[in-house]
Protein chains: 2
Amino acid sequence: MPGPIQSLSRAAAILRLLAGGERRLGLSEVATSLDLAKGTAHGILRTLQQEGFVEQDPETGKYQLGAELLRLGQSYLDVHELRARALVWADDLARASGETVYLGVLHQRGVLIVHHVFRPDDTRQVLEVGSMHPLHSTALGKVLLAYDPVARGELGEGPLEAHTPRTLTDLGDIDAECALIRERGWADAIEETWEGVASIGALIQDRRRNPVGAVCISGAVERVCEDGFVRPQLVASVRSAARAISRDLGAGRF
Amino acid sequence: MPGPIQSLSRAAAILRLLAGGERRLGLSEVATSLDLAKGTAHGILRTLQQEGFVEQDPETGKYQLGAELLRLGQSYLDVHELRARALVWADDLARASGETVYLGVLHQRGVLIVHHVFRPDDTRQVLEVGSMHPLHSTALGKVLLAYDPVARGELGEGPLEAHTPRTLTDLGDIDAECALIRERGWADAIEETWEGVASIGALIQDRRRNPVGAVCISGAVERVCEDGFVRPQLVASVRSAARAISRDLGAGRF
DNA sequence: CTACCCGTGCGACATTGTCGACCGCCCTTC
DNA sequence: GAAGGGCGGTCGACAATGTCGCACGGGTAG
């Protein structure tokens, strides 16, 4: 594989840097953070700015992400085949289970939420489309981990954060859990990321049986669980939805 | 202004091209569309791919936008100051008016929706955050047009599309409408973009009185209007929300 | 079976991005 | 009020870098 284009990689690094820091960053901060000459960083930022990927506060001169990214992110969703086919099934699943439904795909070292159906007749919720969830402590993540060797491999590269006392942080435990998930065909995560929240997830695969994403329901542990285990009826609903989406992906195509 | 970075501009053009076409595009299509050598386009696409901005269908080899764009777009929303401060006011406005609320900012030659509150107790709706609305035929757009000379200037560069019979397509008419909007402090658009839909919008400005965005309500013309005019009480609600957000922007700061 | 088209790798060339020093500004500090 | 430091922005020389055209291999369609 021939070398990547230097200026592009650097521009991507700048965008990620701006996305990471909560506040706006100045030119010098960007340059020193990435070990770039100020002039170089400025050239890249100027180009990113006039393309709309970056905006500059006219008063302070500091930089932040630009609106074009939002527009392109929306376009990504528009052409996302998995998401398009899953929309109706996700709605059905939310209605049948009475819980929040997430649809996620593997991205970098986490799960990127590409669709989110609010829990029916619930209080106000924030849309989480576009945000990342951890791999090792959510039902979505563990499903993908169990079926995607690449994701499992990359998991060993960094330490695992313990979000709650129930989070699995030992790689051996996770491998055992993944084996169980593959055996029974679904994953759960009970208070492993957020206290009081349990989720049930199942795999979505394309017509070649490749894992392409996962669907889950997530809700208060009192509703989702019973005697310490997730309710079988909810598991059946999630698996049925995952199968339906997989079938849908396999069938139609232009 | 020294020249922009060529490879970056080309990469941005490729991303926009991929965002525009509904379907996935092949390497050759990209190269010919942008008058690039195949090798050049391939190098850029390969870099964009390993940065996550572009994904490649492993079967057909065709390219589409990547998940990283969705993540960065979400990050854009997270740091968006106007949006953050407007969230609660938008909720209030939706509750008070009973209609859908949009929050938009100027972007390129349209209005980019950065926040969207569903109409209370309504049927299923699709979230429009990240999508673009026209400048000359929506309340949001006309407000921004009336107060932003740059936007007005760029409007004259291209033809104006008539979405309905009521769309204003003559620049003179639009200037007159803008003068009226400035005079009374709010804008409306009654079936100018979609049949049966009317909207009322007002300007949001920062502490320097610069226009930074607009807020509007949008709903069925039968509810929003009365005897062919928008209902004064709704106008008052929208203007009040816009003032509140503007005040909020002017006051606090980190 | 052949002919075409596509995505991909390679290497020479010179265009292009990079680097470091310099400028002017604003805010702080003495 | 003057001096200092930090900021964003600019400029020009150098060579590293991206670009280009071509050739390869696999897939598909006719």
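Computed from heavy atoms alone, side chains included, the values below leave out hydrogens, waters and symmetry copies. By convention in this document, chain letters (A, B, ...) are assigned in the order of the sequence lines, proteins followed by strands, and residues within each chain are numbered from 1.
- No side-chain donor-acceptor contact under 3.5 Å links B/Arg71 to the backbone of A/Gly130.
- Atom CG in A/Leu45 sits roughly 11 Å away from atom C1' in D/dG8 (whole-Å rounding).
- Surrounding CZ of A/Arg209 are at most 12 heavy atoms belonging to other residues, nucleotides or ligands under 6.0 Å away.
- There is no side-chain donor-acceptor pair under 3.5 Å between A/Ser199 and A/Ser218.
- Among the protein residues, B/Glu29 comes within range of no part of the nucleic acid, since none of its heavy atoms lies under 4.0 Å from any strand.
- Distance, B/Gln49 CD to C/dG7 P: 13 Å, rounded to whole Å.
- If you measure from atom CG of A/Leu48 to atom P of C/dG17, you get 13 Å, rounded to the nearest angstrom.
- Rounding to whole angstrom units, CD1 of residue A/Ile14 and C1' of C/dG17 are separated by 13 Å.
- Geometrically, A/Arg184 engages A/Trp186 in a cation-pi contact, judged by NZ or CZ lying under 6.0 Å from the ring centre and within 45° of the ring axis.
- Applying the 4.0 Å criterion to OP1 and OP2 of C/dC5, one finds that B/Ser28 has every side-chain N and O outside that range.
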Tabulate atom names and distances for all N/O pairs under 3.5 angstrom spanning the protein and nucleotides 17-20 of chain D.
from, atom 1, to, atom 2, distance (Å)
D/dT17, OP1, A/Gln6, NE2, 3.2
D/dG18, OP1, A/Gln6, N, 2.3
D/dG18, OP1, A/Ser7, N, 3.1
D/dT19, OP1, B/Arg10, NH1, 3.4
D/dC20, OP2, B/Thr40, OG1, 2.6

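- Taking the six-membered ring for Trp and the full ring otherwise, A/His136 and A/His163 have centroids separated by under 6.0 Å.
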Checklist line | Chi angles and distances behind the salt bridge (charged side-chain N to carboxylate O under 4.0 Å, His left out) call for A/Glu81, B/Arg24 | finding: CA-CA 11 Å; A/Glu81 189 181 350; B/Arg24 293 185 256 258; 3.3 Å; yes
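- Side-chain atoms of B/Thr47 never come within 3.5 Å of backbone atoms of A/Pro4 as a donor-acceptor pair (strictly under, hydrogens ignored).
- Rounded to an integer number of Å, the gap from CZ of A/Arg46 to P of C/dT18 is 11 Å.
- The NZ-P distance, from B/Lys38 to C/dT8, rounds to 10 Å in whole Å.
- Using five terminal pairs a side, the axes of the helix from C/dT16-D/dA15 to C/dC30-D/dG1 at its two ends make an angle of 0°, given in steps of 10 degrees.
- For the C1' atoms, the distance from D/dA13 to D/dT17 is 16 Å, rounded to whole Å.
- Using a 4.0 Å cut-off, no side-chain N or O of A/Tyr63 falls inside it from OP1 or OP2 of D/dC7.
- Around atom CD of B/Glu157, more than 12 heavy atoms belonging to other residues, nucleotides or ligands sit under 6.0 Å away.
- Summarising the geometry, the separation between NZ on A/Lys62 and C1' on D/dG6 is reported as 11 Å, rounded to the nearest angstrom.
- Distance alone, capped at 3.5 Å, places no donor-acceptor pair between the B/Ser137 side chain and the B/Pro134 backbone.
- Taking only side-chain nitrogens and oxygens, A/His42 never comes nearer than 4.0 Å to OP1 or OP2 of D/dG8.
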